[in-house]
Amino acid sequence: MNQELSLHNSLSRQKEVFKPLKPGFVGMYVCGPTVYSDVHLGNCRTFVSFDIIYRYLLHLGYTVRYVRNITDVGHLLDDGEDRMSKGARANQLEPMEVAQKYTNGFHDMMRIFNTLSPSIEPRATGHIPEQIEMVQAILDNGYAYESNGSVYFDTLKFAQEKGIYGDLSGRKIEELIAESRDNLKNQDEKRHPADFAIWMKAAPEHLMHWNSPWSVGFPGWHLECSAMSRKYLGEHFDIHGGGNDLKFPHHENEIAQNVGSCNCAGAGYWLHTNMLLMNGRKMSKSDGNTISPEELFTGDSVHVSKGYSPMAVRFFMLQSHYRSTLDLTDEGLLAAEKGYKRLLEGFHVLLDLTGATGQATDALDQEINQLIDGAFAEMNDDFNTPKALARLFELVSRINSLKGGQLPLTAVSPATLERLQTTFRVFIFDILGLLDEDAAGASGNNQALEGVMQLVLDMRQTARANKDWGTSDKIRDALNAAGIVVKDGKEGVSWGLA
RNA sequence: GGUCACGUGGCCGAGCGGUUAGGCAAAGGUCUGCAAAACCUUGUACAGCGGUUCGAAUCCGCUCGUGACCUCCA
């Protein structure tokens, strides 16, 4: 359990042992959503992935400052119009009203998926001065030039002098020269196609704009993350994360801006999550290959046969590694839903286990401890949730066997049983961030149902004792029809929601 | 076109040179009044063709296929 944490660093393209800059503390920046439309599932997968990473770092005992921004400035469209203001005009709303609406929706969805809130959630529009300062610093260092009120990053000069441009995304400046398309707006203002705007002069009708030394305008595409990560995490910090599709140009340019402004590289470890696919293609809001979280929950979509609960979906995501693509399919979701229930049911059974009287030297006792250690070891290996889950499921088999009598509790020590119970609780709820959906529905405000079920099952037991199979089966079938499953065990009857 | 990934048993999905991944589904068995649940057993998979190696799903090459990035995108 005291193993080191290793993680895959996109910069080196290999696993590295994680060493925080300051022992005990971790600074992590994750690129957040652009709030000009509803979140979609792909976003959710990424943020669930980083939620696991955040939770596991906390579990390891780190004090983590988790910064995840809200992009409410918007980015340039091909026609040069700011996305935020475009949405505003279409809906006759203030730009900030649009941003707020979708920010709220994003927060609601993050809550539904049971992700922890970041420590700081800075907004791009709230950090215009910091961004202007960074533009100025880059200009002062000679890595940007002003052109017609806009300021562009001098990518070619930066690449030649620093020699690091392209390190993250594996690109070469020569290739950029050859491949860059020339259909960008203000192309003529740029010295080189690979140059990118860090300050844009606003067109007169542009709604979102601010004063700056160069023009009334707005910050460039990639600047906010550089400015805000530095403000809250410093010139050097530990982890920077985001979706794979942000690697280039967004993250590459972020690094360039960091180095270009203060000669500091920003994050030491770059983590990238892979894409959520549907029908084998990237899920994307721009090309319509998408299913909204709501549609997935309600089943109101041609892509699914039924609705899936948020935790079933979260579990589905945890069954693959964050660096692998994950193909959303109805069959996959169905399997995940059952697996999730099996895991939670195993936890419930485990809580009721008592009477462990074995020794730590018993083979079963040792096996259980090894599986527990294994689950943590898998998490330490680049947050391998699918493998950790595999160990947990092997433990579920042991747990059920202990309950059913196929394995003896006399071969498990009290300490190990307690460790197992603690581990399951910690793993399922704290690390994997799952919620007990059954418990939420069956207990708490549902004391009445508990009482009724107790009565009904008592009556059924009486009937069974009298070999009145007609009555007992009628009760069972009626409960089944009502969505309640009766489970006859060796030591009594239990029930659960189907 | 350039760059980079990936192609695993019925489905999903781990795997990073030698050992059972795991989940779902399926078959047989145990348990049960009958079921359900649970437990046990079973599948001998790694796109194709070569190569390296005592040994390859795992390394190398080629072929085919799919995808991502190169343009806003998690």
Side-chain angles (χ1 to χ4, degrees), chain A residues 13-15 30-34 36-37 39-50 71 74-78 83 166 169-172 174-176 178-181 183-184 221 241-250 272-277 280-287 315-316 319-321 323-340 342-343 345-346 349 374 378 384-394 396-407 464 467-469 472-473 476-477 480 485-490 493-496:
Chain A
R13 280 161 250 273
Q14 51 190 233
K15 277 185 201 164
V30 173
C31 289
T34 304
Y36 66 91
S37 66
V39 267
H40 73 114
L41 264 183
N43 295 281
C44 295
R45 190 212 179 182
T46 292
F47 299 128
V48 164
S49 294
F50 282 107
T71 295
H75 294 296
L76 284 177
L77 291 173
D78 287 337
R83 290 175 135 187
S169 57
R171 259 156 249 266
K172 300 278 172 287
E174 303 80 49
E175 291 165 1
L176 292 171
E179 294 158 22
S180 287
R181 302 186 184 175
N183 59 352
L184 297 166
W221 315 359
N244 212 234
D245 49 354
L246 294 182
K247 212 186 263 179
F248 188 89
H250 185 62
H272 287 97
T273 59
N274 218 137
M275 297 294 100
L276 182 64
L277 311 180
R281 316 197 90 254
K282 178 184 171 183
M283 215 182 250
S284 164
K285 8 184 180 191
S286 48
D287 69 10
F315 183 90
F316 173 72
Q319 274 194 306
S320 74
H321 187 89
R323 284 194 296 109
S324 299
T325 54
L326 171 60
D327 198 1
L328 187 90
T329 62
D330 195 47
E331 295 85 351
L333 286 164
L334 217 47
E337 179 182 60
K338 292 192 178 179
Y340 161 70
R342 178 172 159 82
L343 181 66
E345 187 55 32
V349 169
E378 301 299 0
N384 198 325
T385 53
K387 288 186 84 175
L389 278 172
R391 299 292 85 73
L392 254 34
F393 273 110
E394 289 182 75
V396 167
S397 286
R398 303 300 180 283
I399 290 164
N400 285 328
S401 294
L402 288 167
K403 161 101 185 284
Q406 292 93 346
L407 289 174
R464 293 184 75 203
K467 297 197 192 298
D468 179 3
W469 309 129
S472 109
D473 288 356
R476 182 176 69 194
D477 295 344
N480 262 333
V485 181
V486 178
K487 298 166 188 172
D488 292 320
K490 276 207 160 53
V493 187
S494 62
W495 63 279

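Nothing here was measured: the structure is a model prediction, and the numbers come from that model. Labels below follow one simple rule: chain letters A, B, ... track the order of the sequence lines, proteins then strands, and each chain is numbered from 1. We use all heavy atoms of the structure for the numbers below, so side chains are in, but hydrogens, waters and symmetry mates are not.
Base-pair partner of B/rA26: B/rU42 (Watson-Crick or G-U wobble, both distances under 3.5 Å). Across all strands shown, B/rA56 remains unpaired; no Watson-Crick or G-U wobble contact has both distances below 3.5 Å. If you check B/rG67 for Watson-Crick or wobble pairing at under 3.5 angstrom, you find it paired to B/rC4. If you check B/rG33 for Watson-Crick or wobble pairing at under 3.5 angstrom, you find it has no partner at all. Of the nucleotides present, none pairs with B/rA14 by Watson-Crick or G-U wobble criteria with both distances under 3.5 Å. In this structure, B/rC62 and B/rG48 make a Watson-Crick or G-U wobble pair, each of the two defining distances being under 3.5 angstrom.
In this entry the distance linking NE2 of A/His321 with P of B/rG15 reads 7 Å, nearest Å. What separates CD of A/Gln14 from C1' of B/rA5 is a distance of 17 Å, to the nearest Å. Rounded to whole Å, atom P of B/rC31 lies 11 Å from atom CD of A/Gln406. As rounded to whole Å, 19 Å separates atom P of B/rC73 from atom CG of A/Leu277. Computed from coordinates, the A/Asn274 CG to B/rC4 P distance equals 16 Å when rounded to whole Å. For the pair A/Asn244 CG and B/rU3 C1', the computed distance is 13 Å after rounding to whole Å. As rounded to whole Å, 10 Å separates atom P of B/rA38 from atom NZ of A/Lys403. The separation between A/Leu328 atom CG and B/rG13 atom C1' is 14 Å, rounded to whole Å.
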From CA spacing to verdict: side chain to side chain contact (heavy atoms under 4.5 Å, CB included), A/Leu328, A/Met283: CA-CA 9 Å; A/Leu328 187 90; A/Met283 215 182 250; 3.8 Å; yes
**OP:** Could you please spell out the steps behind the side chain to side chain contact (heavy atoms under 4.5 Å, CB included) verdict for A/Arg398 and A/Ser401?
**Re:** CA-CA 5 Å; A/Arg398 303 300 180 283; A/Ser401 294; 5.6 Å; no
Determine, step by step, whether A/Val396 and A/Asn400 satisfy the side chain to side chain contact (heavy atoms under 4.5 Å, CB included) criterion, reporting the C-alpha distance in whole Å, the side-chain angles of both residues, the deciding distance to 0.1 Å, and the verdict.
CA-CA 6 Å; A/Val396 167; A/Asn400 285 328; 3.5 Å; yes
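Rounded to whole Å, the separation between the P atoms of B/rA26 and B/rA47 comes to 27 Å. Using P as the reference atom, B/rG43 and B/rC60 are 31 Å apart when rounded to the nearest Å. Taking the C1' atoms as reference points, B/rG18 lies 24 Å from B/rU42, given to the whole Å. Nucleotides B/rU52 and B/rG13, compared at atom C1', are 30 Å apart to the nearest Å. Using P as the reference atom, B/rU20 and B/rA25 are 24 Å apart when rounded to the nearest Å. Spacing between B/rU66 and B/rU71 at atom C1', rounded to whole Å, works out to 22 Å. Across B/rA57 and B/rC24, the matching P atoms stand 27 Å from one another, rounded to whole Å. To the nearest whole angstrom, the two P atoms, one in B/rA37 and one in B/rG28, are 15 Å apart.
Between A/Asn43 and B/rA74, a side-chain N or O to OP1/OP2 separation shorter than 4.0 Å is present. Residue A/Thr325 has no polar side-chain atom (N or O) positioned under 4.0 Å from OP1 or OP2 of B/rC6. The phosphate of B/rA74 (OP1 or OP2) has no side-chain N or O of A/Arg45 nearer than 4.0 angstrom. Taking 4.0 angstrom as the limit, A/Asn400 places a side-chain polar atom (N or O) nearer than this to OP1 or OP2 of B/rC39.
Projected onto RNA chain B by closest heavy-atom contact, A/Lys467 and A/Leu326 fall at different nucleotides, the more 5' of which corresponds to A/Leu326. Comparing A/Lys15 and A/Gly280 by the nucleotide of RNA chain B whose heavy atom lies nearest to each, the residue mapping closer to the 5' end is A/Lys15.
Rounding to the nearest 0.5 angstrom, the gap separating the OG atom in A/Ser472 from the CG atom in A/Asp488 is 8.0 Å. A distance of 12.5 Å separates CG of A/Leu389 from OH of A/Tyr340, quoted to the nearest 0.5 Å. Atom CZ of residue A/Phe316 and atom CG of residue A/Leu326 lie 4.0 Å apart, to the nearest 0.5 angstrom. The line from CZ of A/Arg464 to CG of A/Asp473 is 8.5 Å long, rounded to the nearest 0.5 Å. For the atom pair A/Leu392 CG and A/Ser397 OG, the distance stands at 11.5 Å (nearest 0.5 Å). Atom-to-atom distance recorded for A/Glu378:CD and A/Arg391:CZ is 5.5 Å, nearest 0.5 angstrom.
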Quick tally for nucleotides 20-28 of chain B: nucleotides whose base has a protein heavy atom under 4.0 Å get B, sugar-phosphate-only ones S, the rest -, giving -BSBSS---
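Between A/Asp245 and A/His272, every side-chain heavy-atom pair lies at or beyond the 4.5 Å cut-off. Within the 4.5 Å cutoff, side-chain heavy atoms of A/Phe393 are placed close to those of A/Leu343.
Residue contacts for A/His40: at a heavy-atom cut-off of 4.0 Å it reaches a base atom on one of the strands shown. Within 4.0 Å (heavy atoms only), A/Gly242 reaches sugar-phosphate atoms of the nucleic acid but no base atom. Counting any heavy atom pair closer than 4.0 Å across all strands shown, A/Gly405 reaches no nucleic acid atom. Residue-level contact check: A/Ser494 touches neither bases nor backbone, having no heavy atom under 4.0 Å from any strand.
Once the 5.5 Å centre distance and the 30° plane angle are applied, the aromatic ring of A/Trp469 is found stacked with the base of B/rG33.
Side-chain proximity of A/Lys282 to B/rC69, B/rC39, B/rA74: nearest is B/rC69.
The side-chain hydrogen bond (donor to acceptor under 3.5 Å, both in side chains) test with A/Thr273 singles out one residue from A/Thr325, A/Asn244, A/Thr46, and that residue is A/Thr46.
Remark: A/Arg342 does not engage A/Glu345 in a salt bridge, criterion side-chain N to carboxylate O under 4.0 Å.
A donor-acceptor contact under 3.5 Å is formed by the side chain of A/Ser472 with the base of B/rG33.
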Pairs under 3.5 angstrom, nitrogen or oxygen only, protein versus nucleotides 34-36 of chain B, please.
residue	atom	partner	partner atom	Å
B/rC34	O2	A/Arg476	NH2	3.2
B/rC34	N3	A/Arg476	NH1	2.9
B/rC34	N3	A/Arg476	NH2	3.4
B/rC34	N4	A/Arg476	NH1	3.3
B/rA35	N6	A/Asp488	OD2	2.6
B/rA35	N1	A/Arg476	NH1	3.3
B/rA35	N1	A/Asp488	OD2	3.0
B/rA35	N3	A/Arg476	NH1	2.7
B/rA36	N1	A/Asp488	N	3.4
B/rA36	N1	A/Asp488	O	2.9

